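See structure below.
Computed from a prediction, not measured in an experiment: that's the story for all the values here. A note on names: the letters A, B, ... follow the listed sequences, proteins ahead of strands, and every chain is numbered from 1.
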2 protein chains.
Amino acid sequence: MTDLGFKTIHSHHHHHGWDNSIEPVYRAKSGETITFDVIDASNGNITPDSKADIILECAVETANPTTGPVFIEGAEPGDAVKVTFDQYSPSGWGWTGIFPEFGLLADQFKGPDLRIWKYDDRQALYSDMAKVPVRPFTGTIGTALAEKGRHSVIPPRHVGGNLDIKDLVAGSSIYLPVEVAGALLSIGDTHAAQGDGEVCGTAIESPMSVTVKVELMKGENLKFPRFDIPDNALVSSLRKYTATTGVGPCLLTAAQDAVSGMIDLLTKQQGVNAEDAYMLCSVCGDLKISEIVDLPNYVVSFYFPFSVFE
Amino acid sequence: MTDLGFKTIHSHHHHHGWDNSIEPVYRAKSGETITFDVIDASNGNITPDSKADIILECAVETANPTTGPVFIEGAEPGDAVKVTFDQYSPSGWGWTGIFPEFGLLADQFKGPDLRIWKYDDRQALYSDMAKVPVRPFTGTIGTALAEKGRHSVIPPRHVGGNLDIKDLVAGSSIYLPVEVAGALLSIGDTHAAQGDGEVCGTAIESPMSVTVKVELMKGENLKFPRFDIPDNALVSSLRKYTATTGVGPCLLTAAQDAVSGMIDLLTKQQGVNAEDAYMLCSVCGDLKISEIVDLPNYVVSFYFPFSVFE
């Protein structure tokens, strides 16, 4: 694991779920740079040699282990913690899976299914079928809730957590609300690439280390996380976009229709099977709300870059 | 109005609402290029000299007049019409408004409010406050429903209509389901720029002419519209993105929270008033679904390019 001369929080210092009674593993000053070593979302159960059945052995209670928590000195409720992602040191492999009863189209895709990816600095290979640009980011980053007890890591909340925002790449910064003294920052669920929506429920799940700068912002009173993305982080080599749509009175159904439509198109035009299409959609397709005002019907569009097949 | 040597459907050949009994104004062959002259969404009520009160005089019954319908020879139910946007000839002015009881934050913004924009080929000026890149596209494009009677033009449907998909720019193509003989294609609601979501309910609404190529695709059996975007159409000069989020069990509420958060940020950081912030959000901010699988909570993010203030 990488040590850049700054403090490293090793991955055995991890926890399952959010709980403000978990003892901090480190006390950081505002402005400090820290490396978090992150276990993958399967808690290390999935390896490069795993087969699909391993999916059924991954317990939800140990999913998304988060490294930390780090106590930020001076942080009080009402403040914000600004976390700037300086560098990712990816592991070179990852996985995408379909879990039973999980994912946007859980009614159509029963799982278990699993694909292993190999990647370098530039691209990830989905067997010989597709090449996806590598864009490492942090899937789970959050602070502790004021509410006592253990809270599942799966749902994100107003203090962050399992946000799965694909633009938390190197150079970006996120501002997280603070609800307890010291904020209690933890990081997990690193991804080598993902599309907006993470539609099959998993990205390119990949263990890696993340180096961040933490800064305390007094009295921000944020209601929800906010993030900044530098211009160079939005440059992509993805091309040849086609979008399918869903139109109707429910945003969720419209999103499901849009993704279903893309899976139909990928199976028809590219000859991939439906499970591969679904997982590729999760890794490089983007869900956008095209219009949210022309009541009673919304338009959700799913953008997919066909250049990944070249 | 522009006549490029191809057939032009002039704007007096327009209709209000979708109705498959409306007589076609032209019969087109597959492969033909046609120019549609389009009246703005206010049905010509708003002019460059209008004040906000005009908003209250715009009747919903005459909103979004659509030019057409055009009968596509050979089109039968189950086919698709492919429409490629060849060229826009914009008028150089447009408007953005807030209508009472309309828009994503209708509970917070009562209207009426109105801003007039001037624009050239490159950028639109929002008074001296902001500059937004001009990116003309078609807000409303659809075919007639099989169901008899008049159907409001406001909601989009599975055959298209008021889709407000911002990427239907020159070079893009849309594929629309056909439900009646001849398809009965109409076009309206041209915009000089818009963000994903059209959050305040209006874009830069602007009369213009649209030149398209229509092609018949037999037996496509599309459930919803689909569209292709050429790589050069996705190049943008917008920069300095910051995103606000909404996190929770309802996608609509999450979208409202994300946009509210951005309006708060714009008023605080840029000193613009809330109505201006809301309208700018509609014109150049984008609603994305960051994750739709980490139940019970979704993350919707609203991306805004702060470069528009430079």
Under a 4.5 Å heavy-atom cut-off, does chain A meet the side chain of B:Asp231, its backbone, both or neither? side chain

Portion of A:Ser301 that has a non-hydrogen atom of chain B nearer than 4.5 angstrom: side chain

When rounded to the nearest 0.5 angstrom, what distance separates CZ in A:Phe304 from CZ in B:Arg226? 13.5 Å

So what's closer than 4.5 Å to chain B heavy atoms on A:Phe306: side chain, backbone, both or neither? neither

When heavy-atom pairs shorter than 4.5 Å are enumerated against chain B, which of A:Pro230, A:Cys250, A:Pro225 gives the highest number? A:Pro225

Applying ring-ring contact (aromatic ring centres under 6.0 Å, His included) to B:Phe227 and A:Tyr241, what does each step give before you reach the verdict? CA-CA 9 Å; B:Phe227 55 101; A:Tyr241 275 94; over 10 Å; no

For the candidates B:Thr245, B:Val299, B:Leu295, which exhibits the highest count of non-hydrogen atom pairs separated by less than 4.5 Å from chain A? B:Thr245

Measure distances from B:Ala243 to the heavy atoms of chain A and classify the residue's part below 4.5 Å as side chain, backbone, both or neither. both

Greatest number of heavy atom pairs closer than 4.5 Å to chain A - which of B:His158, B:Met262, B:Gln194, B:Lys288: B:Lys288

Closest-packed option against chain A by number of heavy-atom pairs under 4.5 Å, given B:Asp164, B:Leu234, B:Val300: B:Asp164

Quick check on B:Lys166 against chain A: is it the side chain, the backbone, both or neither that has a heavy atom closer than 4.5 Å? neither

Contact origin within A:Asp286 toward chain B - heavy atom pairs under 4.5 Å: neither

Taking every heavy-atom pair that is under 4.5 Å apart, which of B:Ile289, B:Asp228, B:Asn297, B:Thr242 has the most such pairs with chain A? B:Ile289

Tell me, side chain or backbone of B:Tyr175 under 4.5 Å from chain A's heavy atoms, or both, or neither? neither

Winner by heavy-atom pair count (cut-off under 4.5 Å) against chain B, out of A:Asp167, A:Leu238, A:Thr202: A:Asp167

Rounded to the nearest 0.5 Å, what separation is found between the CD1 atom of A:Ile292 and the OG atom of B:Ser282? 11.5 Å

Given B:Cys200, B:Gly246, B:Ala106, the one with more heavy-atom pairs under 4.5 angstrom with chain A than any other is B:Gly246

Can you tell me which portion of A:Leu222 sits under 4.5 Å from chain B's heavy atoms? Options are side chain, backbone, both or neither. neither

Check each atom of B:Leu163 against the heavy atoms of chain A and say whether the ones under 4.5 Å are side chain, backbone, both or neither. both

